[in-house]
*Asks:* 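Below is a structure I'd like to ask you about.
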Number of protein chains: 2
Amino acid sequence: MPDLLTIGELSARSGVAPSALRYYERLGLIRADRTGGNQRRYARAELRRVAFIRISQQVGVSLDEIRAALDSLPEARTPSPQDWARLSASWRSRLDERIRLLTKLRDDLDGCIGCGCLSLQRCTLNNPEDTLAGEGPGARLVLPRPTDDPTLAGSLN
Amino acid sequence: MPDLLTIGELSARSGVAPSALRYYERLGLIRADRTGGNQRRYARAELRRVAFIRISQQVGVSLDEIRAALDSLPEARTPSPQDWARLSASWRSRLDERIRLLTKLRDDLDGCIGCGCLSLQRCTLNNPEDTLAGEGPGARLVLPRPTDDPTLAGSLN
DNA sequence: CCTTGAGTTGAAGTGCACTTCAACTAACAC
DNA sequence: GTGTTAGTTGAAGTGCACTTCAACTCAAGG
């Protein structure tokens, strides 16, 4: 009944490279049992954890935050569907926010395409709150410093 | 009339750190004249280039691609509004695609929150084309390897 | 038993977009 | 002229998410 997966099997089924799975384990995102010969054997439940990790990355969440989220799962029992639903729901507002920002950027861009003025920086760039931070893997802040000169607005030329 | 900007002024007006501006120059994204004492002096037109760079990054374009886009601007004259409009418009479909993928992810997530099955990987993860590649600065492929096992679908448990 | 493919480790490397540093020079106000 | 602030350089460092490598061991089939 345990029906454990080798790292190669988990990799094939999840689409995640073995090296990435080992990396996730080092960071504490997934865990594996070991055979007598020290090889990893994954419970099928790990498949769901890996799925959650990849989905979360697409939402724009860092591995560190994903780890924190996974840490909130019950340790005693195998997480229930409701547990996963709760975690997924917690990304919802981030996703909404990202979609909102990108949509706004698109609209601003549309509004500017006619004139080529690039004045949308007035709304988009000059708005430190409106930052697409933590976009994807490896990402850092898009605007590392706050814009500190409000005279920018409308003075592009 | 030249009315040149120091690196500090360009930094303040664009919200981009001086070190980043020097980095952009090394990559050939912007250019500067020099004073007798070797200090950078930027034409006001560079302000618009920097604005374009930051907007493009928010769209999810790498500096390398941004450089290629900027290289397509006329060298002889100062780019016209139409030139900028053309470049901005060229990001439009990328933006649309990113918004589409994120919206799809959100809808899939919504559909799964009720059951917590995470089966959305069937649609989202198991779909190599549907990848949010090049999310933001520093980002690489989200799915470095194509998913190579189609038996994944529906077999999460 | 032996081969072969799959797995193990720690350390180092990669790619991107920067930042930091030290040692030095310029520009400008007074 | 002198001090202060702002600028210069190349080289190295940072953070994230991995990948690659070498040297080695395990597991399973024939």
Side-chain angles (χ1 to χ4, degrees), chain A residues 4-30 32-42 50 53-54 56-68 131-145 148, chain B residues 4-30 32-42 50 53-54 56-68 131-145 148:
Chain A
L4 300 170
L5 301 168
T6 66
I7 196 168
E9 288 164 349
L10 182 58
S11 171
R13 283 178 175 278
S14 66
V16 176
S19 61
L21 293 173
R22 293 193 196 97
Y23 177 65
Y24 292 165
E25 186 176 335
R26 274 224 318 279
L27 298 192
L29 281 88
I30 58 176
D33 296 325
R34 296 297 180 123
T35 64
N38 199 37
Q39 295 200 353
R40 288 172 181 81
R41 288 297 180 271
Y42 297 94
V50 176
I53 292 166
R54 300 308 264 195
S56 303
Q57 285 188 310
Q58 290 190 55
V59 175
V61 182
S62 72
L63 290 183
D64 206 54
E65 285 183 283
I66 296 170
R67 191 194 41 68
T131 304
L132 287 169
E135 276 275 348
R140 282 176 320 302
L141 274 299
V142 167
L143 291 176
R145 304 184 331 146
D148 47 39
Chain B
L4 301 168
L5 302 167
T6 66
I7 196 168
E9 288 163 350
L10 182 58
S11 171
R13 284 178 175 277
S14 65
V16 175
S19 61
L21 293 173
R22 293 193 196 97
Y23 177 65
Y24 292 164
E25 185 176 336
R26 275 224 317 280
L27 297 191
L29 281 89
I30 57 177
D33 296 325
R34 297 296 180 124
T35 63
N38 198 37
Q39 295 200 353
R40 288 173 182 82
R41 288 299 179 270
Y42 297 94
V50 176
I53 292 166
R54 299 309 265 194
S56 303
Q57 285 188 309
Q58 290 190 54
V59 176
V61 181
S62 71
L63 290 183
D64 206 54
E65 285 183 284
I66 296 170
R67 191 195 39 70
T131 304
L132 287 170
E135 277 274 348
R140 282 176 320 304
L141 274 299
V142 168
L143 291 175
R145 303 186 330 148
D148 47 39

*Asks:* Of the options C:dG7, C:dA17, D:dA17, whose atoms approach the side-chain atoms of A:R22 most closely?
*Replies:* C:dG7

*Asks:* Figure out the CZ/P separation between B:R26 and D:dT8, and round it to whole Å.
*Replies:* 13 Å

*Asks:* Distance check needed: D:dC16 P versus A:I53 CD1, whole Å only.
*Replies:*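 Whole-Å distance recorded here is 16 Å.
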
*Asks:* So, is B:T35 near the phosphate of C:dA27, with a side-chain N or O under 4.0 Å from OP1 or OP2?
*Replies:* yes

*Asks:* Identify whether any heavy atom of A:R40 sits under 4.0 Å from a base atom; if not, whether one sits that close to sugar-phosphate; answer base, sugar-phosphate or nothing.
*Replies:*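 Since only primed, P, OP1 and OP2 atoms lie under 4.0 Å of A:R40, the category is sugar-phosphate.
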
*Asks:* Starting from C1' on C:dG7, measure out to CZ on A:R41 and report it in whole angstrom.
*Replies:* 8 Å

*Asks:* Among D:dT19, D:dC18, C:dA17, find the nucleotide with the atom closest to the side chain of A:Q57.
*Replies:*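 My answer, after comparing the listed nucleotides, is D:dC18.
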
*Asks:* Could you please name the option among C:dC18, D:dC18, C:dA27 that lies closest to any side-chain atom of B:Q39?
*Replies:* C:dA27

*Asks:* To the nearest 0.5 Å, tell me how far A:E25 CD sits from A:Y42 OH.
*Replies:*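 The OH atom of A:Y42 is 5.0 Å from CD of A:E25, to the nearest 0.5 Å.
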
*Asks:* Any base atoms under 4.0 Å from B:R34, or only sugar-phosphate, or nothing? Heavy atoms, all strands.
*Replies:* sugar-phosphate

*Asks:* Roughly, in whole Å, what's the span from CG in B:D64 to P in C:dA17?
*Replies:*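 Going from B:D64 (CG) to C:dA17 (P), I get 8 Å.
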
*Asks:* Taking the nucleotide of DNA chain D with the nearest heavy atom to each, does A:Y24 or A:N38 sit closer to the 5' end?
*Replies:*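 That would be A:Y24.
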
*Asks:* Expressed as a whole number of angstroms, how long is the span from A:L27:CG to D:dC16:P?
*Replies:* 10 Å

*Asks:* Return the nearest nucleotide to the side chain of A:S19; candidates are D:dT19, D:dC26, C:dA26.
*Replies:*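 Minimum distance to the A:S19 side chain belongs to D:dT19.
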
*Asks:* Nearest 0.5 Å, please: how far is CD1 in A:I7 from OG in A:S19?
*Replies:* 8.5 Å

*Asks:* What is the distance, to the nearest angstrom, from the CG atom on A:L21 to the C1' atom on C:dT9?
*Replies:*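 Interatomic distance, CG of A:L21 to C1' of C:dT9: 16 Å.
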
*Asks:* Could you measure the distance from the CZ atom of A:R67 to the CG atom of A:L27? Nearest 0.5 Å is fine.
*Replies:*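 So the CZ of A:R67 and the CG of A:L27 are separated by 8.0 Å.
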
*Asks:* Rounded to the nearest 0.5 Å, how far does CZ of A:R41 lie from CD of A:E9?
*Replies:*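 The CD atom of A:E9 sits 7.5 Å away from the CZ atom of A:R41.
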
*Asks:* If I take atom CG from residue A:L21 and atom CD1 from residue A:I30, how far apart are they, to the nearest 0.5 angstrom?
*Replies:* 5.0 Å

*Asks:* What is the distance from CD1 of B:I7 to C1' of D:dA6, rounded to the nearest Å?
*Replies:*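 In whole Å, D:dA6 C1' lies 10 Å from B:I7 CD1.
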
*Asks:* Please pick, from D:dT9, D:dC18, D:dA17, the nucleotide with the shortest atom-to-atom distance to any side-chain atom of A:A20.
*Replies:*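 Within the option list, the nearest is D:dC18.
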
*Asks:* Roughly, in whole Å, what's the span from CZ in A:R67 to P in D:dC16?
*Replies:*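 Rounding to the nearest Å, CZ of A:R67 and P of D:dC16 are 12 Å apart.
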
*Asks:* Identify, between A:G37 and B:T6, the residue whose nearest nucleotide on DNA chain D lies closer to the 5' end.
*Replies:* B:T6

